[in-house]
Amino acid sequence: MIRTWLNQHWFVFILALKRLLSAPVTNLLSILVMGIAISLPAGVYTLMENLHAISGQTSISPQISLFLKQHATQDDIDHIRTKLTENKLVVHFQFISKDQALYQLQLDNGLNEVVQNLAHNPLPDAFTVDTQDVNTDAIDQLRTDMQTWPAIEHAQFDSAWAKRLEALLNFGRILILVLFTLLSVAIVAIMFNTIRLQILTRQKEIEVSKLIGATDPFIRRPFLYFGAIQGFAGGVTAWLIITFVLQILNDELQAIAGLYAMDLQLRSLEYGDTVSLLLFATWLGWLGARVSVANHLWQIEPR
Amino acid sequence: MIQFRHVSKRFPDGYMALNNIDLNIDAGEMVFVTGHSGAGKSTLLKLIAAIERPTSGSIAINGQNIAQLKPAALPFLRRKIGFVFQDHKLLFDRNVFENVLLPLQISGFEQNTAASRIRAALDKVGLLGKEKVLPVTLSGGEHQRLCIARAIVHRPAILIADEPTGNLDSAYAQDIMAMFYSFHQVGVTVLIATHDAGLLENNKHRVIALQQGKLTA
């Protein structure tokens with residue numbers, strides 16, 4: 001029973017392959033179109049993944065600066081130290097006393113003379129707090145919280161860059177989603193038309209099959225296999241395009257990165273992503289064929 | 001085996017192809033359906049295979065009313081029937097072997113069983129040496145034989161032939177008829193529509209005559 005079923009499917013699979021090869025140029029062209037259509041969103045996705053990875057590499061984890069009030073006492077400082085130690089979001093913190101800060105200012109900025117002329121140290125005691133790399137809102141919340149701690153003059157979170165990156169990534173995600181949706185519809189439409197033409201040229205075969213007892217699934221099957229195989233081939237093409245383009249980009253990037261003494265390398269799709277890409281492309285092909293077959297087969301009723 | 005009760009068929013354009021037909025055909029019987037063209041012979045045969053549906057009345061095959069079958073059940077009815085079409089309905093992009101293979105593929109036969117069955121069927125109709133030949137290169141008579149081979153390869157209980165000797169000379173027609181007799185002899189119920197009076201000389205089987213959609217004998 002299962003063997004018969006497998007036999008039938010294997011036969012239909014071969015039949016669909018034969019049909020694909022029987023018009024190589026036409027089918028190669030539509031596979032290429034599908035490949036390009038899929039490679040656009042998948043390519044943007046790959047670039048985004050790379051951007052994410054690079055930004056992760058150079059990651060300065062989000063940092064909050066705490067400036068204490070001028071009259072803050074050692075007790076206040078110890079109190080804050082305890083609170084920071086207890087907070088789970090805090091990865092690491094460092095205390096910079098006002099004297100230390102002044103000394104640093106003298107050293108770093110060559111403001112020696114200016115500092116010398118100061119009647120007293122205008123700088124506050126400060127903490128720099130490295131937090132976990134969670135979303136910006138959570139860190140903003142923590143900052144607002146810290147603002148209310150005693151002896152804190154000002155808590156500052158430089159969130160602009162983090163927000164910008166997040167916005168950029170969000171933009172990219174939406175772009176991918178829109179591209180994926182539009183081009184998926186396009187692929188389904190392409191497949192719809194391809195299968196429509198096939199059904200028209202195989203009208204007689206379908207009619208005869210129905211006359212001698214073929215069920216609808218039997219008649220549908222070769223078309224569905226055809227759609228799925230072509231979708232899969234489109235997916236493979238997309239993967240090749242992405243890999244090829246990344247190769248070219250990498251050569252260029254290597255030259256630029258060399259100038260900045262950095263090691264930058266764009267990676268192609270990961271294993272899991274590749275599998276998803278191929279499965280999705282196959283499914284799209286199948287779906288286009290399914291819709292087309294559903295729309296056209298009932299019109300062919302034997303008389 | 002096949003029972004018609006008050007069966008009428010009116011086409012959408014108003015033409016009455018069959019008018020109140022009552023008919024009983026037993027299992028293993030061989031029956032000729034005669035009449036002028038347009039008398040309703042083809043329609044009668046097509047009703048049995050549910051290629052046409054009756055406007056009124058009931059048609060039972062093995063006690064099952066096929067007028068009420070759902071579309072999804074039709075293929076399984078058609079697999080019990082071998083149909084030799086008037087216009088053959090051969091597939092010209094497939095060779096002889098593949099044409100006969102089609103009904104077996106549809107029923108899900110295994111490759112090896114299928115091959116031996118196809119050769120047996122082709123042997124019966126005298127086309128055994130021509131498996132790889134494309135139908136275009138065959139003669140009209142050979143088309144008919146090929147169509148018969150495809151109709152019998154899945155060993156149906158009912159064999160229906162619509163004008164199987166239509167354009168053939170009488171010697172060839174006798175050959176074809178001999179084949180149908182041999183199927184009848186092994187127990188197949190055979191229905192043959194024909195307007196060829198010569199075919200019915202010395203005939204000892206039942207003849208149903210149709211005239212303008214009504215039974216006359």
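Order of the sequence lines fixes the chain letters, A, B, ..., with proteins taken first and strands second; residue numbering starts at 1 for each chain.
Among all heavy-atom pairs drawn from Ser209(A) and Ile106(B), the shortest one is O-CD1, 3.7 Å. Of all heavy-atom pairs between Phe218(A) and Gln105(B), the closest is CE1-O, 3.5 Å. When all heavy atoms are compared, the tightest approach of Arg78(B) to Ile212(A) is CB-C, 4.3 Å.
Remark: the backbone N or O of Leu90(B) is paired with a side-chain donor or acceptor of Lys204(A) at under 3.5 angstrom. Side chain of Arg79(B) to backbone of Gly213(A): a donor-acceptor contact under 3.5 angstrom is found.
For His9(A), the NE2 atom is densely surrounded, since the number of other residues' heavy atoms within 6.0 Å is greater than 12. For CZ of Phe92(B), the number of neighbouring non-hydrogen atoms (other residues, nucleotides, ligands) closer than 6.0 Å is greater than 12. By the neighbour-count criterion of 12 heavy atoms within 6.0 Å, atom CD of Glu110(B) is densely surrounded, having more than that number from other residues, nucleotides or ligands. Shown here is Phe109(B), whose CZ atom has more than 12 heavy atoms of other residues, nucleotides or ligands within 6.0 Å. Crowding of Tyr181(B) atom OH: a count of heavy atoms from other residues, nucleotides or ligands under 6.0 Å exceeding 12. Dense packing is recorded around NE2 of His88(B), with more than 12 heavy atoms of other residues, nucleotides or ligands lying under 6.0 Å away.
Here the side chains of Arg150(B) and Val208(A) are in contact, with some heavy-atom distance below 4.5 Å. Looking only at side-chain heavy atoms (C-beta outward), Thr215(A) and Phe76(B) come within less than 4.5 Å of each other.
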request  = Could you go through the side-chain contact (heavy atoms from CB on, under 4.5 Å) check for Phe85(B) and Leu211(A) one step at a time?
outcome  = CA-CA 10 Å; Phe85(B) 301 101; Leu211(A) 278 176; 3.7 Å; yes

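Neither the backbone nor the side chain of Arg221(A) comes within less than 4.5 Å of any heavy atom of chain B.
Note that the NZ atom of Lys210(A) and the CG atom of Leu74(B) stand 10.0 Å from one another [nearest 0.5 Å].
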